[in-house]
Amino acid sequence: MTISDDQIKNLIYKSCRLLDAEEFDDYLDLYTEDFEYKVTNYSPEIKSDQEWMDANRAELKGLLANVPLHFRLLGSFMRHATVYDIERNGADTANALTYVTIYYTTPEGATSVWAVGRYHDKIDVSGDTPLIADRNMKLETREVGIGTHLPM
Amino acid sequence: MPRTAEEFLSPPSVPEDCYVSSSVYTDPDLYAEEEEKLLRRTWKFVCHVSEVPNIGDYRTHDWTGVPLVTVRSPDKKVRTFVNSCSHRGSRVVRYPAGNMKHMTCFFHLWEYDLYGNCTYQTRDEGYEAHGPTKEQAGLREVRTDTFCGLVFMNFDGNAAPLREYIGETATAFESIFGENDFEIFHLNRTHMKGNWKAWFLTNCDFYHEWGHQVNRSTNLTSPDYHDRPWRLNHAQGHGYTARKLDNEPFVVQYKNYKGWKNRDGLVLRGLQPGELVLTDLFPNTSVFMRTTCVRINHSTPYGPDHTVMEERGLGIKGESEADRRQRAKEFTQVWGPYSRNGAEDVAFVEESHRCQEFGANKYDVISRNEPIGDGLQRPQSDAYVRLFYDKWGDYMGRPANNPKNLMTAAE
Amino acid sequence: MSRNAEEHLSPPKVADGESYIHASVYTDPDLFAEEEEKVLRRTWKFVCHISEVEKAGDYRTHQWTGVPLVTIRGNDDKVRTFVNTCSHRGAKIVRDVAGNMKHMTCFFHMWEYDLEGNCTYQPREEGYEELGPTKDDLSLREIRTDIFAGLIFINFDGNAESLRDYIGEAGEPFEKIFNNHELEVFHYNQTHVKGNWKAWYLTNCDLYHEWSHLVNRTTSVLTKGYHDRPWRIQPNGHGYNAHHLDGSPFQVNYKKYKSWENRDHLVFKGLAPGEFRVTDIFPNLSVFFRATCIRLNHSTPIAPGHCIMEERGLAIKGESREDRRMRTKQFVQIWGPFSRNASEDCAYVEATHACQEAGANPYDLMSRVEKFEDGVHERIHSDTYLRHFWGEWSRLMGRPANNPKNFMEAAE
Amino acid sequence: MSWQQVCTTDDVDEDAIEEFDVGDITLLVANAGGEYYAFPPNCPHQETPLSMGMIEGETLICIKHLWQWNLRTGELGDNAESPLLKYEVKVEEGAVMVNLEKELKYNYQ
């Protein structure tokens, strides 16, 4: 039975929800075994694309396991995503384009837009549930406060 | 007849203690002086004891810009420290509230215990040559005291004790706080574009109840509304309104407001159904009791024109979920960001500031006088506001109606 | 014992009575203004890497002490810097962050300048025949520019010593390595930090704070010989630490951090596998080596409590896609907005500023001393470089950093 | 209750530290070079979880202030200012047995 567009959308929305809740193990389960995760953007200063995060499963797992030990930005993120486009290529993969707005709320309760960007996802639809095989969070925003350890 | 520029710019024709120069709300020099002469000389409300019940429970806050942390030490005493590491001055405790066994400065991992002693300097052999030693690197402790479960602090180590500072005004709420085991159930903080005194005085100027639809319908319709005298504490600058002259409670008719019911159930011990008791403690804390719930409201200034109002709601510890829900419902009818009065009060402050800021309105008239007999005044007189500015003048050494001799100097 | 108000406000009890500074150096607007004139416009300031202005007409706009500037490579291949303001009515001429241009056109009245700063065109020039000025008196103000090991610097002070003399031996740890390869910038980010530019720079120089980074605790502080590196203090307020006292390199154990590997592959020529070096160039530039990665980090002051931290990563021009990707991966593990350390460093500076701004802590300690047995060199967790920096600052300012405005004498 | 089986030897890889609950006692078992050691979950200094710590040879390292102890001899290593409390351990046919006579606690708890 082929995987519907809705299932792909729900996968992408779930990835936002799990990251907001910092349920990292469940978050990693949404990916294929050898996925690639990147945060990238275009820098007009050096007139080129650049990567600000580049991790495979082992590296992301190591990061997320260590996050509690790091000295962290206080407050919380809330990711609002809308899947704009799903394009199938062949039976096994689909590409999804998702617009994402990330809101940041301080412990005192002040909310601001932290960053906006787009998920360029390659989705593995060969199994019975869809999995993210490749995610590139292409940021529009390059001034992201003091920064964070977390994937976007 | 509209006023001419000349009339508009000269003081209102009322006695000198019956108007205030708007510069008290806008002038940066006066604000800096206030921090020094007033805000760091008086007792400042921090939180309710139910926010720091166990050892290690803490609340971070700040006053006159200085970051502070209030924590219950292992000896169960509530202490306040300047929240800044003795090494390179970084803020140590960063979260609004929580529990901690000790304080770790994350910058170089120095440690402090809950008494403010420095207990660990990373690689301390580095300090053998020049020091300072751990004993010389404790946190700066700020005087802290509690009354009726309300935690206060005072930068001035020589000020009179808290109990003495509150004085006779305690009679307004001491017994009620004694009879009820209160705990906090509501907190909101509102940033507003206006002066901290303007906010505090909305809690003290009952004449502005005319501006609230709720108060017009549930309070001002009762003829005996005006029979409650102001009880002024001239020594310390506090005041309260409670029982009428005949010692009967003033009963608020909540049912006059469409969709509300009178408050006959869940009445706090020591109060009568519908009873209203309002207390104002100089310089910035109000304790309001509306039969079933208690509101503690105070303002923290961040500049002459930027104030954060903090609002707390107290209910009964251990009450049933249903009772707590009903109490919270009644609290948020009148108070809180989505209540009937919350936004109105903030608007009063911001709209007044909007004019004072650019000198559009030079004076603030506080001349209402409504005697009720044997020297007392009715609630809608400006008696307390005049007392507030009299006290303000004492601390500042400046008359509130002409603090920088604006009138005599070429304006 | 906790301290009372009096103890808290009096200078810290340090034996030499000097090893501390007064926090007003970070917050006082008068000192900030004086710094601009006596420090920031008297010393060499890092602009960018030569790869950012590679071809004739390539430019980069920036600012220093509020003055808009443009650094551009001329047709004669020489790199120059001009004050980025039209000689007519002062509009900012070049408004993009970076790019390439054949000449500079002021959008306001269409005046033109060539890449050497000459004014070459005025619409309806006849209007200036009567009163002038002529084009020859209207060229752009040029700011002294020089290059060291591929790093472009400027100096507002035309009479200052040459860049090479200014840097002196502080160039020793990185000059040869930079010249071993043709480098290019592959990473750039800037972060607005609510803190003073010196507080940011000194975080790079205060290695004692490696204790706070989980990465540095596990991969460096635990590594044998970590403390056996001396601070190499250099004239003009510079300093660096690289080799151990016995000359051997300090090699970081990256695999001690979960899921990381050691950096034995793609190491720059002249560095040992895993080797770490940091050079601090007064007043605000730090050059870091982490075996396969080079980080250029400096802070630009905007106001006493606001600075912009700029971060560049350098890699080898023309390397393969796989090599570049591996080098990038390792760079963004530790540096960059989504790295393990960057948000921590920003948080320290902002948390410190939050207290200093309000006078919550009037002093900043720098009294750590850890001497080697030779009684001369000091170990890397000593505050010797901080004392050196503030010595240089005080010299240029003509004010002691622990009491810059005679706070102690004047009634506080 | 005294000797209890907490886990089997292949529950704890080489140079790893795992957390186990036996009744209401929580403890850690570490495998340092094939030798098994058991100790309370938190660092003697403060509540930093030692499960996040590191094993290097016979040395246990707490990840916060890098306090170190030699697991075999109990000797204090770099930075450590107080000893690590250890349970008695013996391995019988692959079963890691720990003497849980009394739960070990540090004075700050």
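Because only heavy atoms are used, hydrogens play no part in the values below, and waters and symmetry mates are left out as well, while side chains stay in. Quick note on labels: first sequence line is chain A, next is B, and so on, each numbered from 1.
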Checklist entry - Counting distance only, does the side-chain N/O of C/S367 pair as donor-acceptor with the main-chain N or O of B/G131 below 3.5 Å? => result yes
Checklist entry - Considering all heavy atoms of both residues, which atom of C/S2 and which atom of B/Y115 are nearest to each other, and what is their separation? => result CB-O, 3.8 Å
Item to check | Side chain / backbone / both / neither for C/D345 at chain B, heavy atoms under 4.5 Å | outcome: neither
Next on the checklist: Within the structure provided, determine whether B/H87 and C/D364 are in side-chain contact (heavy-atom separation under 4.5 Å).
Outcome noted: no
Item to check | Selection from C/T352, C/D383, C/V349 maximising heavy-atom pairs under 4.5 Å formed with chain B | outcome: C/T352
Item to check | B/F155, part contacting chain C, at a heavy-atom distance under 4.5 Å | outcome: neither
Checklist entry - In terms of heavy-atom proximity below 4.5 Å to chain B, should C/S19 be classed as side chain, backbone, both, or neither? => result side chain
Checklist entry - What part of B/W63 lies closer than 4.5 angstrom to a heavy atom of chain C: side chain, backbone, both or neither? => result neither
Next on the checklist: Counting only non-hydrogen atoms closer than 4.5 Å, does B/L109 touch chain C with its backbone (N, CA, C, O), its side chain (CB onward), both, or neither?
Outcome noted: side chain
Item to check | C/C355 to B/S90 - nearest heavy-atom pair and separation | outcome: SG-C, 4.0 Å
Checklist entry - Of the backbone (N, CA, C, O) and the side chain (C-beta and beyond), which part of C/H227 lies under 4.5 Å from a heavy atom of chain B, both, or neither? => result side chain
Item to check | Residue B/E141 versus chain C: region with a heavy atom under 4.5 Å | outcome: both
Checklist outcome for this item: Paired with C/R368, the side chain to side chain contact (heavy atoms under 4.5 Å, CB included) test is passed by just one of B/Q121, B/R123, B/H108, namely B/R123
Checklist outcome for this item: Rounding to 0.5 Å, atoms CD (B/E125) and OG (C/S382) come to a distance of 12.0 Å
Item to check | Part of B/D62 within contact of chain C (heavy atom distance under 4.5 Å) | outcome: neither
Next on the checklist: Please rank B/C105, B/G157, B/S84, B/G65 by heavy-atom pairs under 4.5 Å with chain C and give me the top one.
Outcome noted: B/S84
Checklist entry - What is the minimum heavy-atom distance between B/V82 and C/A360, and which atoms define it? => result CG1-O, 3.5 Å
Checklist entry - Can you find a heavy atom in the side chain of B/Y127 that is under 4.5 Å from one in the side chain of C/V14? => result no
Checklist entry - So C/R3 and B/S86, side-chain hydrogen bond (donor to acceptor under 3.5 Å, both in side chains) or not? Walk me through it. => result CA-CA 10 Å; C/R3 287 182 287 162; B/S86 312; 3.0 Å; yes
Checklist entry - If you draw a 6.0 Å radius around NZ in C/K194, do more than 12 non-hydrogen atoms from other residues or ligands fall strictly inside? => result no
Checklist entry - Measuring heavy-atom distances to chain C, does B/C85 have an atom under 4.5 Å in its side chain, in its backbone, in both, or in neither? => result backbone
Checklist entry - Taking C-beta and beyond as the side chain, do B/L139 and C/H8 meet within less than 4.5 Å on heavy atoms? => result no
Checklist entry - Highest number of heavy-atom pairs under 4.5 Å with chain B: which of C/H381, C/E210, C/E344? => result C/H381
Checklist entry - Is the backbone N or O of C/M1 less than 3.5 Å from a side-chain atom of B/N117, with the two atoms forming a donor-acceptor pair by type? => result yes
Checklist entry - Which region of C/N4, side chain (C-beta onward) or backbone (N, CA, C, O), has a non-hydrogen atom less than 4.5 Å from a non-hydrogen atom of chain B, or is it both or neither? => result backbone
Checklist entry - Does the side chain of C/L365 come within less than 4.5 Å of B/P132's, by heavy atoms? => result yes
Checklist entry - Of the backbone (N, CA, C, O) and the side chain (C-beta and beyond), which part of B/F106 lies under 4.5 Å from a heavy atom of chain C, both, or neither? => result both
Checklist outcome for this item: Heaviest contributor of heavy-atom pairs below 4.5 Å to chain B, chosen from C/A347, C/A358, C/G17, is C/A358
Item to check | Distance-minimising heavy-atom pair for C/A15 and B/A129 | outcome: CB-O, 3.7 Å
